[in-house]
Amino acid sequence: MTGWLDPLRTVLAEREEPVRFFFRDDDAGWHDEALEELLDVFELHEVPVDVAAIPVAMTARTATLIAARQSSGRNDITVHQHGFAHVNHEPEGRKCEFGASRSPEQQRDDIARGRDELSALLGDLPAVFTPPWNRCAPWTAQVLHDLGFAVLSRDLSAGRAEVPGLVELPITVDWFAKRKRIPVDRAGRGQLLADSAAQGTVGVMLHHAVISTEDRADVGALLALVAGDPAASADHLDRLALSTTF
Ligand SMILES: [Zn+2]
């Protein structure tokens, strides 16, 4: 038993409704070896994972390793679009690729080009978009809807865009969350998971490029709990988003 997960165990034991989880790993295209190491953990526990891929950074090598894992059944992976080039366009303030400095037309061009580049490597993808740094301009949601996207996933703190036809399913637990600029420790992460589970849906965001060996072991412990506890279930982001009204 791992103590840091006890608050989550308690919530799972006490809630009458099941708790639904999804796991988003960001920045595919960077650090293939670290991506594979994290995918190995998901393979071991047979838990679905949503990989957020950066169109400009994706290579044939990354696409091949993902496709091989999908076709062999090693992993239940769904890939979706994560921005375009993962660059910051804001001259000041918080980093953002699709922020106020980019007009709707510029954003539309970047998102459409990114979708084309990813599709060329990976085929048709679910109509899901996650913006780098988990935030975007007030008009980005409408741009996405006009392009045919059905799901937007940001951080819970980003609020809701309220664009009819575009479902939002936010991340609720950032594995690398900070509180007053200090990284949340293991116990704090366990509490975040428990607090989120109490609301019914837990969206966990991971970054394979910066995850430590110890973190990977902790992710494994969480996945084992989710896979083994009948009060918990895991599915892909788009399936959860489109199966329920939030
Ligand atoms: Zn990112």
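Counting starts at 1 for both ligands and their atoms, in listed order. Note that this is a predicted model, so its numbers are computed, not measured. Position 1 is the first residue of the sequence; numbering continues from there.
For Ser212 and Asp215, the side-chain atoms include at least one donor-acceptor pair closer than 3.5 Å.
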Tabulate below the donor-acceptor pairs under 3.5 Å that side-chain atoms of residues 50-67 make, not counting sequence neighbours, or state none.
{"residue": "Asp50", "atom": "OD1", "partner": "His236", "partner atom": "ND1", "Å": "3.4"}
{"residue": "Asp50", "atom": "OD1", "partner": "Leu237", "partner atom": "N", "Å": "3.4"}
{"residue": "Asp50", "atom": "OD2", "partner": "Leu237", "partner atom": "N", "Å": "2.9"}
{"residue": "Thr59", "atom": "OG1", "partner": "Arg61", "partner atom": "N", "Å": "3.3"}
{"residue": "Thr59", "atom": "OG1", "partner": "Thr62", "partner atom": "N", "Å": "3.1"}
{"residue": "Thr59", "atom": "OG1", "partner": "Thr62", "partner atom": "OG1", "Å": "2.9"}
{"residue": "Arg61", "atom": "NH1", "partner": "Asp32", "partner atom": "OD2", "Å": "2.7"}
{"residue": "Thr62", "atom": "OG1", "partner": "Asp32", "partner atom": "OD1", "Å": "3.0"}
{"residue": "Thr62", "atom": "OG1", "partner": "Asp32", "partner atom": "OD2", "Å": "3.2"}
{"residue": "Thr64", "atom": "OG1", "partner": "Ala60", "partner atom": "O", "Å": "2.7"}

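With Trp175 as the aromatic partner, Arg189 meets the cation-pi criteria of under 6.0 angstrom to the ring centre and within 45 degrees of the ring axis.
Within the protein, the N, O or S atoms lying under 2.8 Å from the Zn ion (ligand 1) are Asp27 OD1, His82 NE2, His86 NE2.
Looking at Arg24, its side chain never comes within 3.5 Å of a backbone N or O of Gly203 through a donor-acceptor pair.
A salt bridge links Asp218 to Arg186: at least one charged side-chain nitrogen sits closer than 4.0 Å to a carboxylate oxygen.
The aromatic ring centroids of Trp30 and His208 lie 6.0 Å or more from each other.
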